[in-house]
There are 2 protein chains.
Amino acid sequence: MKQDTSGSRPTPTLEMVAALAGVSRATVSRVVNDVPSVDEDIAAKVRQAILAVNYTPNRAARSLASRRPNSVTLIVPESTSKVFADPFFASVVQGVALYLADTDYTLNMVIASEAKPEKTRAFLLGGNVAGALVVSHHAGDRSWTHLSDYIPMVFAGRPLGESASYYVDVDNEAAAAGATRVLIESGRTNIATIAGPQDMPPGIDRVNGWRAAMAEAGLDDSRVEYGDFTLASGAKAMRRLLGSGKPVDGVFVANDQMAAGAYTVLQERGLRIPEDVAVVGFDDDSFATSVNPQLTTVHHPIIEMGKKMAEILVDLIEGKDTARVTQIPTSLVIRESV
Amino acid sequence: MKQDTSGSRPTPTLEMVAALAGVSRATVSRVVNDVPSVDEDIAAKVRQAILAVNYTPNRAARSLASRRPNSVTLIVPESTSKVFADPFFASVVQGVALYLADTDYTLNMVIASEAKPEKTRAFLLGGNVAGALVVSHHAGDRSWTHLSDYIPMVFAGRPLGESASYYVDVDNEAAAAGATRVLIESGRTNIATIAGPQDMPPGIDRVNGWRAAMAEAGLDDSRVEYGDFTLASGAKAMRRLLGSGKPVDGVFVANDQMAAGAYTVLQERGLRIPEDVAVVGFDDDSFATSVNPQLTTVHHPIIEMGKKMAEILVDLIEGKDTARVTQIPTSLVIRESV
DNA sequence: TTGTACGCGTTATCAT
DNA sequence: ATGATAACGCGTACAA
C-alpha cells in the first residue's frame, strides 16, 4: 500500500485551502462549519478550493480544538456470543449506523469485557466519547446505568426495575395483545401462549399482553408455557402444551424463533397450520418467512429502534431535552399462519 | 447526566499528572508510552500519580501529535440488510473487536452507503483512519480493493477474480472434500450436493471440494443442485434432487441453513436422517444444532477469522510484512446426521 | 535519563 | 465579515 514515491502530496489541511483561496484559515473553518456570516462570494471560492485540493477535515484536530469528542460508542456485552448470534443486535447496529451517517459523529464499538470492566469505564469516562449506546439482547441489562451520570447514554429496551435511564422500546404488551386479538377474531377460543423468560422485560410484557387480550374477550388464560426465546425451547413448550390435556386451537408465541420450534412439533404431530391450530409470532425476523406456512407476526422495527436510539443520544449530547422513554410503533404482519 | 455542580473537576491531563509527580510532561508521556529509558523509581511515582488523578490519555490529542490515526474502520456494505441478518457478519465483528481490545486501536463502523460512496471514500482517505476491514457476507466483493493503494485493507474471504488484496479465509475446497469423505466413509455411494451460488467463492470452492472427493473415490458426481444459501433454497434443491429419479443416500450441503431446508423436505417425505439419507453441512452455525437430528458439519471459525483479520491489519499498519492470504483451519463436527 | 520547546490541524476569542 | 493568534493535549526532536 501507500505508494510513497516522491511526489505523494500530504493530506490537505485547512491551511492549504486557505492559501489557495486567498483567505485566512479562520474563514475556511467558518465555511466548513457552515457559519452563516460568511460572504457568499468568498464562501464559493473557498468551497472551490476545498474541492480542488480534496480537503477533508482532520477529526482529531477538530475534536481537540473544539474540546468535544466526535464519536459515540456502542457497548456490547461480551458475555453473550449470543448477543452477536442475535439478529436483533445486528439490526440495531444498522439503524444506529444509518442515523449517525448523517451526523458528524462516528460510531465506534467496544465489546465490554467483563474481565476488565474498568477498561471500558475508563474509555467511556476518559472524555474520548460523546455518548454511549447500550444494547444487550432482549434483556434489561442495566449494569451501565450509573455511567449516565457522567455521559449521555441510551439503552435498548425497557429496564427491569426502576431506572432513570433513557431508552427506546416497543410497546410489547400492547403489541402482544393486538397479536392475540387476531387469534381471537379468527374464532379461536382455546388460545395458548408460549412465553419468554420472566426475567426479561419482553418476556414479561408479552405474556401480560396476551393475558389482557384474553381477559378482555372473556377467555381462559391458563394455557401458558415458558421458553427462553430459542427454537428448541419453543418446540418443547409446544410439546407440553399439546400434552397438557387441554385443547389448543391457537397459540401466541413470544418470538418467531420459538414459533418456528412450535411449528416443528405441530407438524410432526400432523396438525395443520392454521386449520388445526393457528400461530402468531413476534418480531418478524427471518424465521417468520423461512417457515411454512409463513408466519403471521408482530413486526418489530428494530432498525428504527437503532435510528431512534442514535437520534436521542445525539439530542442528549447536544443538550436538547428529550423524553426518557420513547416507544416505537409496531405493526401486525398478516401472513398464512392464522 | 453530567452533574456539573461547581466542583466537577476537568478531565485530567498529562500536565496535571506531571505536576503531581513532580516531573515534566515529557516524562509522563514516556511512562504512558512505555518508553524503556525511564528511571524505574520515577516511573513508579508517575504511575501512582496517574492512578491518583485517574488519568486517561486524550486520544484526539495523541493522534494529532503523533500524526497517525488510532482507529480502524469496519466497512459494511449497505445493500444488504442481509449482511446484518447474517450471523457471519456478527461473528467477524466480534472477532475483530476482541482482537482490537488489546491494542490501542479503536474500532469504528461505517455502513457504506452506495448512495454516496464518495463520502465513505473521503472518510477513509482523509487520513482519519489507520486501516480498514471489509466484510461483505460470503461474497467476494472487492469494490474497495483499489483503496488498498492508499491505506491498509484486509478483506474477509477470497476475492472472485485476481486481486492483490490481503484477505483471510478458510480453505473451503479442502474442508468440503473432508466433509464429503465422511459421507463416503459411512458407506454411502449415491452422494449428492446442494451447492451455493456459483458467483461466490464459497459457492464455487465447496462444490469443487465435493467433486474432488467424489472423483477420488470413483463415485458419480452428477447429483448437483444449486441454492442461494437460504433455507428456502435448500428445501427446493432437495426437492429437485429427490425428484430427479436418481437415488440419493447422502448429501453434502454447502451451508447449514440450506441443510436445515433440506431437512424439512426429507422429513416431510418420511425419509429418515441419517438412516435413509445422511446429511453433512457447512458453517456450524446455530442452524446446525437447532435442527433434529443435530447436523454433522464443518466448523467455520468465524470469530477466529475476525481476530486474524484485525491482527493482519494491525501488522500492515505498523509496517510489518505479512502474507497476502491466510487460511484459518477448519474442523469437522460430528453430530447425528451421518 | 530528563527537560525544553516546538508542532500537529482545528476551533474560538478578540480585534479590526 | 474577516483575520491574527492563542489555546486544545500530547509526541518528540533536541538539548542538557
Side-chain angles (χ1 to χ4, degrees), chain A residues 9-47 49-50 53-71 104 106 122-123 125-130, chain B residues 9-47 49-50 53-71 104 106 122-123 125-130:
Chain A
R9 55 261 121 84
T11 34
T13 71
L14 250 195
E15 176 91 53
M16 299 173 52
V17 176
L20 184 62
V23 299
S24 73
R25 294 174 316 182
T27 299
V28 177
S29 176
R30 292 187 185 104
V31 172
V32 168
N33 295 300
D34 288 313
V35 175
S37 72
V38 251
D39 182 278
E40 186 47 47
D41 289 347
I42 297 199
K45 208 160 30 176
V46 170
R47 273 188 267 272
I50 288 178
V53 303
N54 198 358
Y55 168 75
T56 308
N58 181 310
R59 312 194 91 240
R62 215 198 255 251
S63 165
L64 186 58
S66 64
R67 294 155 230 267
R68 62 177 151 261
N70 46 25
S71 69
D104 275 333
T106 245
F123 176 69
L125 265 36
N128 292 302
V129 160
Chain B
R9 56 264 121 86
T11 35
T13 72
L14 254 194
E15 176 92 53
M16 299 173 53
V17 176
L20 184 62
V23 299
S24 74
R25 298 179 329 200
T27 299
V28 178
S29 175
R30 291 186 186 104
V31 172
V32 169
N33 295 299
D34 286 315
V35 174
S37 71
V38 252
D39 182 279
E40 187 46 46
D41 289 347
I42 298 201
K45 206 159 35 175
V46 170
R47 273 189 267 272
I50 288 179
V53 302
N54 197 356
Y55 168 75
T56 308
N58 180 309
R59 312 194 93 239
R62 214 199 255 250
S63 165
L64 188 57
S66 65
R67 295 149 217 277
R68 60 179 154 262
N70 46 24
S71 69
D104 275 333
T106 246
F123 176 69
L125 266 36
N128 293 304
V129 160

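- In this structure a side-chain-to-backbone donor-acceptor pair under 3.5 Å is missing from A:Asn70 to A:Arg62.
- The shortest non-hydrogen separation linking A:Pro69 to A:Ser63 is CA-OG, 3.7 Å.
- A:Arg59 contributes no side-chain N or O that, together with a main-chain N or O of B:Val129, makes up a donor-acceptor pair within less than 3.5 Å.
- To the nearest 0.5 angstrom, A:Tyr55 atom OH is 10.0 Å from A:Thr11 atom OG1.
- To the nearest angstrom, P of C:dT2 lies 5 Å from CG of B:Asp39.
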Which pairs of donor and acceptor atoms, one on a side chain in residues 25-32 of chain B, lie under 3.5 Å apart (sequence neighbours left out)?
unit_1: B:Thr27; atom_1: OG1; unit_2: B:Ser24; atom_2: OG; d: 3.4
unit_1: B:Ser29; atom_1: OG; unit_2: B:Asn33; atom_2: ND2; d: 3.4

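- By the side-chain contact (heavy atoms from CB on, under 4.5 Å) test, A:Asp39 is found to be paired with A:Asp41, A:Ile42, residues two or more places apart in sequence or in another chain being considered.
- Remark: B:Arg68 engages no residue in a side chain to side chain donor-acceptor pair (under 3.5 Å) (not counting sequence neighbours).
- Minimum heavy-atom separation, A:Pro57 to B:Asn128: O-ND2, 3.3 Å.
- Extent of DNA chain D lying under 4.0 Å from chain B heavy atoms, first and last nucleotide in 5' to 3' order, is D:dG9 to D:dA13.
- End-to-end axis angle for the helix from C:dT1-D:dA16 to C:dT16-D:dA1, using five pairs per end and rounding to 10°, comes out at 30°.
- To the nearest 0.5 Å, the span separating CG on A:Asn58 from CZ on B:Arg67 amounts to 11.5 Å.
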Check: Which letters describe nucleotides 10-16 of chain C, given B = protein heavy atom under 4.0 Å from base, S = only from sugar-phosphate, - = neither?
Finding: BBBB---
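- Here the rule is side chain to side chain contact (heavy atoms under 4.5 Å, CB included) with B:Ile50, and of B:Thr56, B:Leu20, B:Val17, B:Leu14 only B:Val17 fits it.
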